[in-house]
Amino acid sequence: MAGAEAVLRKLSVMGRKAVEKLRVEKKYRVALLDRQIRGSRTKREARLLARAKQAGVLCPVVYEVGEFFIRMKFLEGKMLHHELGKRKITRREIKEAAGILARLHSAGIVHGDYTPANLMLTKEGMAVIDFGLGSISNDCEDKATDVVTMKKALGGMAGSRFVAEYLAASKNRRVVELVAEIERRARYMERG
Ligand SMILES: Nc1ncnc2c1ncn2[C@@H]1O[C@H](COP(=O)(O)OP(=O)(O)O)[C@@H](O)[C@H]1O
Ligand SMILES: [Mg+2]
């Protein structure tokens with residue numbers, strides 16, 4: 001379990017299975033700035049995890065926050081993107097993923113990297129992880145970016161269904177209009 005900017009390891013916190021996400025030093029950054037970035041991202045991720053949980057979204061409970069690490073509950077389950085390497089996403093999973101995003105958004109949480117690589121299938125249901133790029137925002141364009149990210153990741157029919165389910169769950173027409181707008185802009189940029 002190693003990411004680009006964080007190192008993940010399993011450990012035990014008060015006898016419970018936990019994961020530590022440690023943001024490691026980036027040598028290419030000036031030391032002081034590097035500490036500030038790692039510190040603020042760590043704090044932000046912990047805050048967003050707590051807020052998401054409060055909003056009723058299934059995500060790891062935070063056990064401990066250090067300057068550069070978060071220790072959180074180890075979720076038992078499978079990563080959705082790993083499963084999708086073997087089979088197609090189900091309609092139920094699409095609906096669940098859309099429902100979670102709508103709920104995050106209505107709590108003013110933008111995930112920032114909403115893809116099947118950050119969704120887990122657990123026996124309690126679908127769970128979200130990795131709020132490291134998230135923010136607290138009620139900006140429709142920020143929210144639309146989350147929708148676009150997942151739509152692209154799923155692709156095709158599944159992607160379109162995801163948007164429809166997001167609209168059904170959020171009732172936020174503006175966000176869905178902006179999804180189309182962002183896609184138009186992207187196509188325009190590609191053409192140059
Ligand atoms: N709470 C957790 N329980 C179980 N596995 C986790 C948990 N948090 C992270 N992981 C595992 O570690 C990987 C990387 O964690 P993530 O927070 O997505 O960091 P990154 O920023 O590196 O993508 C995940 O894809 C998942 O497999
Ligand atoms: Mg991730």
Side-chain angles (χ1 to χ4, degrees), residues 1-29 33-87 89 93-94 96-98 100-101 103-105 107 109-137 142-143 145-155 159 162:
M1 292 197 290
E5 64 158 28
V7 174
L8 285 105
R9 67 179 178 110
K10 268 186 87 166
L11 73 168
S12 153
V13 173
M14 301 205 295
R16 295 193 183 114
K17 279 197 222 175
V19 175
E20 178 184 84
K21 182 169 181 174
L22 172 70
R23 285 190 158 77
V24 289
E25 195 180 344
K26 290 280 173 242
K27 293 285 188 192
Y28 58 80
R29 282 185 201 136
L33 182 64
D34 180 65
R35 294 180 68 87
Q36 281 171 356
I37 291 172
R38 287 185 289 137
S40 64
R41 288 188 185 163
T42 300
K43 235 186 268 153
R44 178 168 59 172
E45 182 162 17
R47 213 178 313 134
L48 291 172
L49 276 167
R51 194 173 170 122
K53 178 143 297 278
Q54 217 169 31
V57 168
L58 202 56
C59 63
V61 66
V62 175
Y63 292 147
E64 211 182 325
V65 188
E67 195 176 2
F68 304 126
F69 71 78
I70 296 172
R71 290 180 181 155
M72 61 189 128
K73 182 181 173 133
F74 177 85
L75 299 181
E76 306 278 356
K78 297 171 182 166
M79 297 308 303
L80 179 61
H81 92 116
H82 186 245
E83 278 299 292
L84 299 186
K86 300 182 278 188
R87 61 166 175 86
I89 191 166
E93 286 166 345
I94 293 172
E96 229 179 332
I100 290 169
L101 190 61
R103 196 178 266 244
L104 288 175
H105 286 175
I109 300 166
V110 168
H111 185 279
D113 192 19
Y114 201 68
T115 71
N118 288 322
L119 287 174
M120 281 184 84
L121 305 174
T122 76
K123 67 177 188 317
E124 287 82 36
M126 200 179 276
V128 205
I129 61 163
D130 198 0
F131 288 79
L133 297 172
S135 54
I136 293 184
S137 163
D142 291 345
K143 293 177 182 178
T145 303
D146 271 346
V147 178
V148 169
T149 302
M150 181 60 81
K151 185 186 181 193
K152 267 203 218 151
L154 294 176
F162 174 78

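Being a predicted model, the structure only gives us computed values, none of them experimental. Whatever order the structure lists ligands and atoms in, that order sets their numbers, starting from 1.
Less than 4.0 angstrom separates some heavy atom of M79 from each of these atoms of ligand 1: 25 (O), 26 (C), 27 (O). Short contacts between ligand 1 and N118, defined as distances under 4.0 Å to a heavy atom of the residue, involve ligand atoms 18 (O). Close approach of ligand 1 to I129 (heavy-atom distance below 4.0 Å) involves ligand atoms 9 (C), 18 (O), 24 (C), 26 (C). When each atom of ligand 1 is checked for a heavy atom of P60 under 4.0 Å away, the hits are 1 (N).
Note on D130 versus K21: salt bridge recorded, some NZ/NE/NH1/NH2 to OD/OE distance being below 4.0 Å.
Residue D130 counts as close to the Mg ion (ligand 2), with an N, O or S atom under 2.8 Å.
Each of L75, I100, T122, L119 was scored for a side chain to side chain contact (heavy atoms under 4.5 Å, CB included) with L58, with one residue passing: T122.
Remark: side-chain polar atoms of H111 are paired, donor with acceptor, to backbone N or O of I129 under 3.5 angstrom.
Under 4.0 Å from ligand 1, heavy atoms of L75 appear from its side chain as well as its backbone. With a 4.0 Å cut-off on non-hydrogen atoms, D130 touches ligand 1 through its backbone as well as its side chain.
A side-chain donor from one of D146 and H105 sits under 3.5 Å from a side-chain acceptor of the other.
For R44, the CZ atom counts as densely surrounded, since its 6.0 Å shell holds more than 12 non-hydrogen atoms of other residues, nucleotides or ligands.
Across K10, K73, E76, H81, heavy-atom proximity to atom 1 (N) of ligand 1 is greatest for K73.
Remark: R71 fails to qualify as a cation-pi partner of Y63 under the 6.0 Å distance and 45° angle criteria applied to the six-membered ring.
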